[in-house]
Number of protein chains: 2
Amino acid sequence: MGRPDRTRRSLLDAAVVVLSKDSSASLSEVATTAGVGRTTLHRYFPTRELLIRALVEDALDRVADAIASAHPDEGPVVDALQRVTDTVVPLGPSLSFLHAEPEVYNARDLIRRWYEALEPVAQAVERGQADGSLRGDLPVKWVVDAYAGAILTAWDTADEGRIWLQDAPRLVMTTIIHGITAPSTDAP
Amino acid sequence: MGRPDRTRRSLLDAAVVVLSKDSSASLSEVATTAGVGRTTLHRYFPTRELLIRALVEDALDRVADAIASAHPDEGPVVDALQRVTDTVVPLGPSLSFLHAEPEVYNARDLIRRWYEALEPVAQAVERGQADGSLRGDLPVKWVVDAYAGAILTAWDTADEGRIWLQDAPRLVMTTIIHGITAPSTDAP
DNA sequence: TCCAAATGGAACATAGTTGTTCCACTCTAT
DNA sequence: ATAGAGTGGAACAACTATGTTCCATTTGGA
């Protein structure tokens with residue numbers, strides 16, 4: 001990885017940190033955080049819009065890669081979701097950024113790409129409903145959103161120090177898989 | 001309710017609509033949406049920061065009132081949460097705004113007020129864990145965040161047209177109470 | 001009806017961000 | 001060591017949002 005690649009990475013990483021804290025932060029701040037001059041920033045991303053676009057696309061790529069590497073199409077669905085959770089939760093900041101930049105992120109094609117990235121999860125959920133391991137009275141779209149939302153919540157909550165990030169995967173899975181009621185409650 | 005009160009209300013309502021779509025929208029846009037001159041806006045809220053602050057406080061009040069009116073401290077915990085869900089979900093936009101304005105909302109005292117508003121829910125969860133109706137292996141703080149997050153997710157998802165808002169309370173409750181797995185899976 | 005409160009528009013100064021250009025510098029690979 | 005890519009700083013113009021002031025007009029209640 002040459003110097004340009006490293007500079008680009010620094011800029012994207014800094015942008016994630018700065019812009020997810022304050023989406024209206026100035027480009028100077030981003031450049032400074034990246035340890036780079038504002039001139040250099042403009043050299044890599046000519047306009048603010050292109051920076052944010054690159055940022056969102058980069059985040060989407062990370063999420064999609066993480067999901068794919070968890071092989072959500074293999075084995076029992078609950079196990080598959082466990083693997084996805086364990087892989088995606090550590091991404092933390094990248095994910096949370098996606099829900100914080102509505103004005104730009106709301107571009108139609110980026111919303112589409114978000115759901116494309118989640119498509120393997122949707123397929124796993126469908127598979128689970130078909131084989132009876134997941135309940136069939138919830139729309140697949142809702143289940144996917146609720147699952148993604150739980151991961152997002154986990155990261156936010158961990159960021160505020162209310163839970164430990166290392167506990168997050170277990171909390172997300174327990175909550176989303178079993179719910180918050182005691183196991184014995186349902187058994188007749 | 002005199003004219004000033006109505007103007008103030010229009011401004012806050014317009015601000016919710018405009019600023020939750022684009023948190024960096026100009027005050028002109030807010031004033032126009034409210035059907036009011038920019039001068040009048042400044043008369044009620046001298047600076048942008050004061051407007052946003054009033055906005056967040058107003059939203060927090062609405063949430064707190066809604067929760068209180070559902071009497072979360074009475075009856076079986078699951079029923080109580082059902083009532084809270086049915087009451088809070090219709091607030092929609094007000095709630096979603098709270099998670100979209102990090103730069104201002106992150107003021108310490110406003111975060112505290114957010115959790116103060118949710119305190120009755122936290123107490124209901126504690127009560128449920130004590131009487132055995134809710135599982136005891138999840139931190140109360142996590143359960144509260146997960147629950148609030150599910151409501152937020154429901155509103156976002158409904159806003160994008162992926163579910164019907166009228167289905168949202170049932171989806172939230174089923175998911176958070178029972179989880180997404182089939183009921184028979186857990187029974188031995 | 002009449003008066004005081006409330007409003008809206010226009011004009012203004014200010015401040016901050018953005019994007020550009022130019023030039024001197026510092027690395028790094030050969 | 002040296003050439004060339006990469007970088008940083010300074011200075012610039014254009015633009016936009018913000019907050020203020022002043023004044024004419026409208027509104028609603030006594």
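Excluded from the calculations below are hydrogen atoms, water molecules and symmetry mates; all remaining heavy atoms, backbone and side chain alike, are included. Everything numeric in this text was worked out from a predicted model, so none of it was measured.
For the atom pair B/T153 OG1 and B/R162 CZ, the distance stands at 11.5 Å (nearest 0.5 Å).
At whole-Å resolution of the value, CZ in B/R38 and C1' in D/dG19 are 7 Å apart. Atom CD1 in B/I52 sits roughly 15 Å away from atom P in D/dA17 (whole-Å rounding). One atom, CZ of A/F45, and another, P of C/dG19, lie 13 Å apart when rounded to the nearest Å. In this structure, B/L41 places its CG atom 13 Å from C1' of D/dA17, rounding to the nearest Å. In this structure, A/R48 atom CZ and D/dA17 atom P are separated by 13 Å, rounded to whole Å. A/E29 has its CD atom 10 Å from the P atom of C/dT18, to the nearest Å. In this structure, the NE2 atom of A/H42 is 15 Å from the P atom of D/dT7, given to the nearest Å. Between the CZ atom of A/R43 and the C1' atom of C/dT18 there is a distance of 16 Å, given to the nearest Å.
Checked for salt-bridge contact, A/R83 and A/D79 miss the test: no charged N lies under 4.0 Å from a carboxylate O. Classification of A/K141 and A/D145 as a salt-bridged pair fails, no side-chain N sitting under 4.0 Å from a carboxylate O. A salt bridge does not link B/D131 with B/R127: none of the charged nitrogens is closer than 4.0 Å to a carboxylate oxygen. The pair A/K21-A/D159 fails the salt-bridge criterion, with no side-chain N (NZ, NE, NH1 or NH2) lying under 4.0 Å from an Asp/Glu carboxylate O.
Nearer to the 5' terminus of DNA chain D, by closest-nucleotide assignment, is the contact made by A/V36 (compared with the other of A/V36 and B/A25).
Of all nucleotides listed (C/dT20, D/dG8, D/dG19), D/dG19 comes nearest to the side chain of B/T47. Nearest nucleotide to the B/S26 side chain, out of C/dG8, C/dT18, D/dA17: D/dA17. Taking only side-chain atoms of B/L27, from C-beta outward, the nucleotide of D/dG8, C/dG8, D/dG19 with the closest atom is D/dG19.
At least one side-chain nitrogen or oxygen of B/T7 sits closer than 4.0 Å to the OP1 or OP2 atom of C/dT7. Considering only side-chain N and O atoms, B/Y44 lies nowhere under 4.0 angstrom from the phosphate OP1 or OP2 of C/dA6. A close approach under 4.0 Å does not occur between any side-chain nitrogen or oxygen of A/T39 and OP1 or OP2 of D/dT7.
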